[in-house]
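Computed from a prediction, not measured in an experiment: that's the story for all the values here.
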Amino acid sequence: MKTCSRALRTSDLGKGSTSNRTTTLSTLPRQRVGKKWTRPTGYDTGLKTYNSLTKQKEPLVLAYSCGPTVYDHAHLGHACSYVRFDIIQRVLSRVFGINVIHVMVITDIDDKIIRRALEKSISPTVLARMYEEEFKNHMLALKVRPPAVYLRVTENIPQIVAFIEGIIRNEHAYATKQGDVYFDIGSIGDRYGKLMGAGDAAGEPGDTEKRDSRDFALWKASKPQEPSWESPWGKGRPGWHIECSTIASSVFGSQLDIHSGGVDLAFPHHENEIAQCEAYHQCGQWGNYFLHSGHLHLKGSAEKMSKSLNNYITIKDFLESYSANEFRMFCLLTKYRSAIDYSDASLNEARSSLATITAFTHDAQAYMRGQLQCQAVQEGALWERLAETKANVVRALADDFDTPRVVNAIMSLVYQGNRHLQPITKPDRSPRSPAVFGAILAYIREVFEVLGVDLLDRKAHSVDSSGTLENVVEQLARFRSDVRAFALSMEDTPPGEPAHASPRPCSEKLPLLKACDTLRKDLASLGVHIRVKFFFAGSQTAVVHQSPQAKRKGERRRAHRCEKELYIE
């Protein structure tokens, strides 16, 4: 099974309208206009994006994406492409106010599906539905937003047949005696090869009656043990490329804003889609922009992660060790069109970045609640840094969706905030500045929520499904903190020592301190470790860590509260 997503066409953007954009298309029956790119008219989004048609960044005047052949379990190579383009769709809609309509084409009939179904002795339909459902569930687990609608190829056969008939009428395709239909590449001259300059590339193997070795199949004549449908050329089934062109055209008409997909699909799949659609619609430029994501490689390997090379990691196996947030951060740390190396080190970098943001969030919240005493905060400098970060983030996203620059800008803001949150042991009378930290936290959460990273994800920070253990530990840590604060509240100056000497606890309260120490040791033997982090206004914050014994249990959970941090694995 192959999936194709079509990220859509926009007619009402809030800021302007592109409803008249299609009137600028010229009708070019068999006119040979070459490979020159024409900048579309309409709503200028203010973004620049790398266009595979021109091999450079172009202003995005106002989307469509092709996905993997999912005849088996989906792997991280698929996930990387889908997550990256999900990020782009989120940015277009949430940051730049563009109404994006996403339609996904599910290829439920394909050579690979047929072969795998024969191997498993099940029908191609059953096989396709099984992996389609698994694919959808994996995308939800990775927080990839579902499309507006799924369209299956087998449910659009009449439209595909009609589309092929239109190409034949326009004299850009021909049928053979065997009942196959091929696209006639020679009929479009030097217009073929817009993406990869592949005008002389070797074509796919096929019928000896092909006029040109590069000609590709639009319709394949029926073979034994294969599903088939009636057509003017006899029983058969659609070719790989025609299904995407047909369904995209049936939804979006004669012009597409953005076509996206993995870089491996640029040729021949996207190249052939361009040829088919421009031949059918008789237009000079069917797709205005083509965006391609880079491959995912295993560290140290020059080959992309793929099923054919058997060097892949399934999404299911990955999510047993890492979270969806961590994978999305992993994707954000590289540009969407760059190749990306998969390794434990690169995933740990993503995990570390999230942990740094989480730690800053907890300290900032403690400061806002008055539980963290710091030196006077340079509030003006922080407000200025926040405004600068906001501007830098928008500029980075407008420059070909440069998410590494976005993450760097956020991490720099976190670093500046942390510099002001260094705890001191003695309270002073400096005025506090909680508002600026509240604004910083709100902005960081907003940015990552737009990008699909949920910093408040309870699943990643829960200790127990019922919350009972978390609450018990919290109350126990708070009780110990109160008792210890009371024991230290009334202190004496030892006889014979000057008045300015460090006071010591009253002798009557020493048993309370001893009991607190005993409780801490007893909890440690049960896997809960408490240590003093800082004092403020007579209270302490305890940090509760997991024991090695708890770590060996294989659970990885975390909970944080104002008086303590709790780690249980």
Asker: Given 3.5 Å as the limit, does a donor-acceptor pair link the side chain of D108 with the main chain of R129, or not?
Answerer: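 Pair absent, no side-chain N/O of D108 close to backbone of R129.
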
Asker: Hey, what do you get for SG (C244) to CG (L151), rounding to the nearest 0.5 Å?
Answerer: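 Atom-to-atom, C244:SG and L151:CG are 11.5 Å apart.
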
Asker: Specify the closest pair of heavy atoms between I98 and T45, including all atoms of both residues, with the distance to one decimal.
Answerer: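 I98 and T45 have their closest heavy atoms at CD1-CG2, 3.3 Å.
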
Asker: Taking Q282 for the side chain and A279 for the main chain, is one N or O donor matched with an acceptor at less than 3.5 Å?
Answerer: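 Present.
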
Asker: Quick check against the 3.5 Å criterion: does S293 have a side-chain atom that pairs as donor or acceptor with the backbone of S81?
Answerer: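 Looks like no, no N/O pair under 3.5 Å.
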
Asker: Checking side-chain contact (heavy atoms from CB on, under 4.5 Å) between L53 and each of E58, K36, K194, which is the one that passes?
Answerer: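 Among E58, K36, K194, the one that satisfies the side-chain contact (heavy atoms from CB on, under 4.5 Å) with L53 is K194.
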
Asker: Got a donor-acceptor contact below 3.5 angstrom from the S52 side chain to the L195 backbone?
Answerer: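 No; judged by distance alone, with no hydrogens or angles, the pair does not exist.
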
Asker: Looking at every non-hydrogen atom in both residues, tell me the closest pair between I167 and A173 and how far apart they are.
Answerer: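 Answer, listing the atom of I167 first, then A173: CG2-CB, 3.6 Å.
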
Asker: State which residues pass salt bridge (charged side-chain N to carboxylate O under 4.0 Å, His left out) with E349; sequence neighbours excluded, sorted by chain then number.
Answerer: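 Partners of E349 under the salt bridge (charged side-chain N to carboxylate O under 4.0 Å, His left out) test: none.
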
Asker: L296 and G77: which non-hydrogen atoms are nearest, and at how many Å?
Answerer: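 Closest approach of L296 to G77, heavy atoms only: CD2-N, 3.7 Å.
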
Asker: Might you point out which heavy atoms bring P124 and I113 nearest each other, and give the distance in Å?
Answerer: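 Scanning both residues completely, I find the closest heavy atoms to be O-CG2, 3.8 Å.
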
Asker: Measuring from atom CD1 of I315 to atom CG of L76, what distance do you get when rounded to the nearest 0.5 angstrom?
Answerer: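 Separation between the atoms: 6.5 Å.
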
Asker: So, do E132 and R152 sit near enough that their side-chain heavy atoms are less than 4.5 Å apart?
Answerer: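 With C-beta onward as the side chain, the pair touches.
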
Asker: Heavy atoms, side chains only, cut-off 4.5 Å: are N156 and E243 in contact?
Answerer: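 Not in contact.
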
Asker: Quick one: does R90's side chain get under 4.5 Å of R145's, heavy atoms only?
Answerer: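 Yes, at least one pair of side-chain atoms sits under 4.5 Å.
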
Asker: For the atom pair CG (D454) and CZ (F448), what is the distance rounded to the nearest 0.5 Å?
Answerer: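 These two atoms lie 12.0 Å from each other.
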
Asker: Any donor-acceptor pair under 3.5 Å linking the side chain of N51 with the backbone of K57?
Answerer: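 No: the side chain of N51 does not pair with the backbone of K57.
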
Asker: Search all heavy atoms of W219 against all heavy atoms of G234 and return the closest pair with its distance.
Answerer: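 Taking W219 first and G234 second, the nearest heavy atoms are NE1-O, 3.6 Å.
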
Asker: Within a strict 4.5 Å, meaning less than it, do heavy atoms of the P227 and I114 side chains meet?
Answerer: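 A side-chain contact under 4.5 Å exists here.
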
Asker: Please enumerate all residues that pass ring-ring contact (aromatic ring centres under 6.0 Å, His included) together with Y174, with sequence neighbours excluded.
Answerer: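 Here no residue qualifies.
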
Asker: Would F135 and Y82 count as a close aromatic pair, with their ring centres under 6.0 Å?
Answerer: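 Yes: the rings meet the under 6.0 Å criterion.
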
Asker: Report yes if some heavy atom in the side chain of W240 is under 4.5 Å from a heavy atom in the side chain of H269; otherwise report no.
Answerer: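 A side-chain contact exists here, since the closest heavy-atom pair is under 4.5 Å.
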
Asker: For F318, does its backbone N or O pair with a side-chain atom of S321 as donor and acceptor, under 3.5 Å?
Answerer: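 Checking the backbone N and O of F318 against the side chain of S321, no donor-acceptor pair under 3.5 Å is found.
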
Asker: With no hydrogens and no angle check, is any side-chain donor or acceptor of N170 less than 3.5 Å from a backbone partner on H172?
Answerer: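 Such a contact is absent between N170 side chain and H172 backbone.
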
Asker: Between the main-chain N or O of P59 and the side-chain N or O of Y289, is there a donor-acceptor pair closer than 3.5 Å?
Answerer: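 Yes, Y289 side chain to P59 backbone: donor-acceptor pair under 3.5 Å.
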
Asker: Within the side chain of K235, is there an N or O that forms a donor-acceptor pair under 3.5 Å with the backbone of S222?
Answerer: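 No; judged by distance alone, with no hydrogens or angles, the pair does not exist.
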
Asker: Closer than 3.5 angstrom, by distance alone: can the side chain of W37 be matched with the main-chain N or O of N288 as a donor-acceptor pair?
Answerer: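 Checked: pair present.
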
Asker: To the nearest 0.5 Å, what is the distance between CZ on F327 and CG on L347?
Answerer: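 Reported value, rounded in 0.5 Å steps: 8.0 Å.
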
Asker: Crowded around Q225 CD? As in, over 12 foreign heavy atoms under 6.0 Å?
Answerer: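 No, because the 6.0 Å sphere around CD of Q225 holds 12 heavy atoms or fewer from other groups.
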
Asker: For residues D344 and Y322, is any side-chain donor paired with an opposing acceptor at under 3.5 Å?
Answerer: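 Result is yes, a qualifying pair exists.
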
Asker: If you compare all heavy atoms of A350 against all heavy atoms of E326, which two are closest, and at what distance to 0.1 Å?
Answerer: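 It is CB-O, 3.5 Å.
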
Asker: Using 30° and 60° as the class boundaries, would you call the ring planes of W286 and H259 parallel, tilted or perpendicular?
Answerer: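 Perpendicular, since the angle between the ring planes exceeds 60°.
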
Asker: Testing R328, R94, K143 one by one against D86 for a salt bridge (charged side-chain N to carboxylate O under 4.0 Å, His left out), which residue passes?
Answerer: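 Going through the options one by one, the only one that passes is R328.
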
Asker: Tell me yes or no: between the side chains of S260 and R84, is some donor less than 3.5 Å from an acceptor?
Answerer: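 Per modelled atom types, S260 and R84 side chains form no pair under 3.5 Å.
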
Asker: How long is the gap from CG on L47 to CZ on F96, to the nearest 0.5 Å?
Answerer: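 CZ of F96 is found 4.0 Å from CG of L47.
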
Asker: Calculate, to the nearest 0.5 Å, the distance between atoms OG and CG belonging to S346 and L333 respectively.
Answerer: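 It comes to 9.0 Å.
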
Asker: Would you please indicate if the ring centroids of H292 and H270 are separated by under 6.0 Å?
Answerer: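 Distance test on ring centres: under 6.0 Å, yes.
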
Asker: So, R395 versus N392: side-chain donor-acceptor pair below 3.5 Å or not?
Answerer: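 R395 vs N392: donor-acceptor pair found between side chains.
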
Asker: Among K335, R337, K48, exactly one meets side-chain contact (heavy atoms from CB on, under 4.5 Å) together with D400. Which residue is that?
Answerer: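 So, applying the side-chain contact (heavy atoms from CB on, under 4.5 Å) to D400 and each of K335, R337, K48, only R337 qualifies.
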
Asker: Under 4.5 Å between any side-chain heavy atoms of I87 and L332, yes or no?
Answerer: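 Side-chain contact under 4.5 Å: yes.
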
Asker: Heavy atoms, side chains only, cut-off 4.5 Å: are F330 and V83 in contact?
Answerer: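 They are not in contact (no side-chain heavy atoms under 4.5 Å apart), so the answer is no.
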
Asker: Using a 4.5 Å cut-off on heavy atoms from C-beta on, say whether the side chain of I185 contacts that of F183.
Answerer: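 Result yes, sub-4.5 Å side-chain heavy-atom pair found.
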
Asker: Using the ring of each side chain (for Trp, its six-membered ring), is H75 parallel, tilted or perpendicular to H78, with breaks at 30° and 60°?
Answerer: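 Correct class here is parallel.
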
Asker: Walk me through it: do E209 and T176 pass the test side chain to side chain donor-acceptor pair (under 3.5 Å)?
Answerer: CA-CA 7 Å; E209 292 190 45; T176 70; 5.0 Å; no

